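Remember, it's a predicted structure, so these values are computed and weren't measured experimentally. Numbers here simply count residues along the sequence, with the first being 1.
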Amino acid sequence: MALADSARGLPNGGGVSPAAGSGAPGSGAVAAATGGWSSFPEIVELNVGGQVYVTRRCTVVSVRDSLLWRMFSQQQPSELPRDSKGRFFLDRDGFLFRYILDYLRDLQLVLPEHFPERSRLQREAEYFQLPDLARRLAQTRAVAARPAALHRDGSICAEEPPPPLLGYLEAEPLEGGGGAVASAPSPTASRSPSGGPLLTPSQSLDGAGGRRSGYITIGYRGSYTIGREAQADAKFRRVARITVCGKTALAKEVFGETLNESRDPDRPPERYTARYYLKFNFLEQAFDRLSEAGFRMAACSSTGTCAFGPEQGGPADDKIWTSYTEYVFCRD
């Protein structure tokens, strides 16, 4: 085991090639301790929840006694599940795995600003049996749980004072317990430059009731085939992906954990993006969420193209239609 420990961190994952180790004393012990270095390639491809990662084997085995270390040093490749293209398959969150892999590379925890997935990432660290990473994430969550200031844009900052446009109304109970009335603010409360009424954190200058106004665009691409008998022969393909365009903070507010951010993971709350998409494929479900959040449809548009079946390898009489549709929702 001492030889195996000293071998960790080498460029090839601590392995000894058959040519280099065939005559070296103790090389068999190293290979036995690691499950056979020649069994795995130096470069491994991982399919994690549909996201593909390519990395070195020495990276995934860099933390001893972790789940990945046991998989790629104590097991044979034939014992691990693979996808249809031969990549090693892990049924976990593919978006969060990028941070697991970053940690395995240099054993440092570096997260982007406005990162909202600390609790889920901690759960992933516990699943992959990385106790040091899980401990660090627990510490950062404890820091983030301190009293936070609510910015005008709705983002949370743990230790910054509220901006001048936010303040607080002090409520005093009416005589007889008939509710509360706002009294004059304390001298320390923040005021707006115009001297207007001060707002509670649940209220926003952007809209009534604390809800930010703005636009969200929902788009999808679909196709269907119409044969000689249009009604009987129509074949529809399900919606492959529903895209979301708009301000990051609004998209996260409406769709929450059903929003896939893997194509644009580090976008700040007040920036705009056109690279998000939803984890479900039902337009009505997206409409329901938007309606519950106070959005209404403002406009929609659609374009379509037609190709004959033989050009796409289909029957001669078939027409294949492809369409792209967008729905614009707004909240005042």
Side-chain angles (χ1 to χ4, degrees), residues 1-15 30-37 39-83 86-146 158 257 259-266 279:
M1 296 301 293
L3 287 174
D5 289 340
S6 63
R8 291 180 61 213
L10 295 179
N12 64 348
V30 174
T34 58
W37 292 116
S39 300
F40 288 93
E42 182 180 355
I43 305 299
V44 295
E45 293 186 50
L46 306 174
N47 179 347
V48 186
Q51 299 290 326
V52 177
Y53 293 89
V54 181
T55 186
R56 296 172 66 91
R57 178 184 171 277
C58 63
T59 299
V60 296
V61 299
S62 60
V63 177
R64 192 176 183 84
D65 295 327
S66 66
L67 177 64
L68 292 172
W69 179 84
R70 287 199 302 273
M71 289 176 60
F72 289 92
S73 67
Q74 304 299 303
Q75 294 182 268
Q76 296 296 324
S78 58
E79 299 174 338
L80 302 180
R82 295 174 181 256
D83 64 7
R87 295 178 290 236
F88 297 107
F89 179 74
L90 294 166
D91 189 15
R92 301 302 296 180
D93 192 308
F95 163 64
L96 293 178
F97 186 76
R98 62 179 297 190
Y99 302 107
I100 299 291
L101 197 58
D102 283 344
Y103 172 79
L104 293 175
R105 290 189 176 107
D106 53 18
L107 302 183
Q108 297 293 324
L109 174 61
V110 180
L111 297 177
E113 295 183 4
H114 313 292
F115 185 71
E117 307 285 358
R118 282 184 171 83
S119 59
R120 295 179 60 192
L121 182 57
Q122 181 180 347
R123 184 177 61 188
E124 295 298 303
E126 293 169 352
Y127 174 83
F128 286 106
Q129 300 174 17
L130 300 168
D132 181 65
L133 177 58
R135 177 182 56 80
R136 296 186 190 185
L137 287 167
Q139 292 174 348
T140 60
R141 288 181 60 197
V143 172
R146 295 174 183 172
E257 292 189 355
L259 190 68
N260 192 318
E261 308 169 38
S262 60
R263 297 196 302 171
D264 198 2
D266 303 331
K279 296 180 181 179

Do [X] and [Y] have side-chain heavy atoms sitting under 4.5 Å apart?
X	Y	answer
Arg82	Phe89	no
Met71	Leu90	yes
Pro265	Phe115	no
Leu68	Leu130	no
Phe40	Leu80	yes
Gln51	Arg92	no
Arg56	Ile43	yes

In Å and rounded to the nearest 0.5 Å, what is the [atom1] to [atom2] distance from [X] to [Y]?
X	Y	atom1	atom2	result
Leu133	Glu124	CG	CD	10.5 Å
Glu117	Asp93	CD	CG	7.5 Å
Glu45	Phe88	CD	CZ	9.5 Å

For a quick test of your reading: what N or O donor-acceptor pairs under 3.5 Å do the side chains of residues 95-104 make, sequence neighbours left out?
from: Tyr99; atom 1: OH; to: Asp266; atom 2: OD1; distance (Å): 3.2
from: Asp102; atom 1: OD1; to: Arg105; atom 2: NH1; distance (Å): 2.8
from: Tyr103; atom 1: OH; to: Asp132; atom 2: OD2; distance (Å): 3.0

Ignoring hydrogens, what is the shortest heavy-atom contact between [X] and [Y]? Give both atom names and the distance.
X	Y	value
Val44	Pro41	CG1-O, 3.7 Å
Ser39	Pro77	O-CG, 3.0 Å
Ala134	Ala125	N-CB, 3.9 Å

Next item on the list: Please name the residue in the list Val52, Val54, Val60 that meets the side chain to side chain contact (heavy atoms under 4.5 Å, CB included) test with Leu46.
Entry: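 So the option named by the test is Val60.
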Note to self: Which residues pass the side chain to side chain contact (heavy atoms under 4.5 Å, CB included) test with Glu257, not counting sequence neighbours?
What the structure shows: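 In terms of side chain to side chain contact (heavy atoms under 4.5 Å, CB included), with neighbours along the sequence ignored, Glu257 is linked to Arg120.
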Check: Can any side-chain N or O of Arg57 pair as donor or acceptor with the backbone N or O of Phe72 at less than 3.5 Å?
Finding: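 Indeed, once roles are kept as given, a pair shorter than 3.5 Å links the two residues.
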Note to self: I'd like to check the side chain to side chain donor-acceptor pair (under 3.5 Å) partners of Asn47; sequence neighbours left out, ordered by chain and number.
What the structure shows: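 With sequence neighbours excluded, Asn47 shows a side chain to side chain donor-acceptor pair (under 3.5 Å) to Asp83, given in chain and number order.
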Note to self: Run the side chain to side chain contact (heavy atoms under 4.5 Å, CB included) test on Leu137 and Leu111 for me, step by step, so that the C-alpha distance in whole Å, both residues' side-chain angles and the decisive distance to 0.1 Å come before the verdict.
What the structure shows: CA-CA 10 Å; Leu137 287 167; Leu111 297 177; 4.0 Å; yes
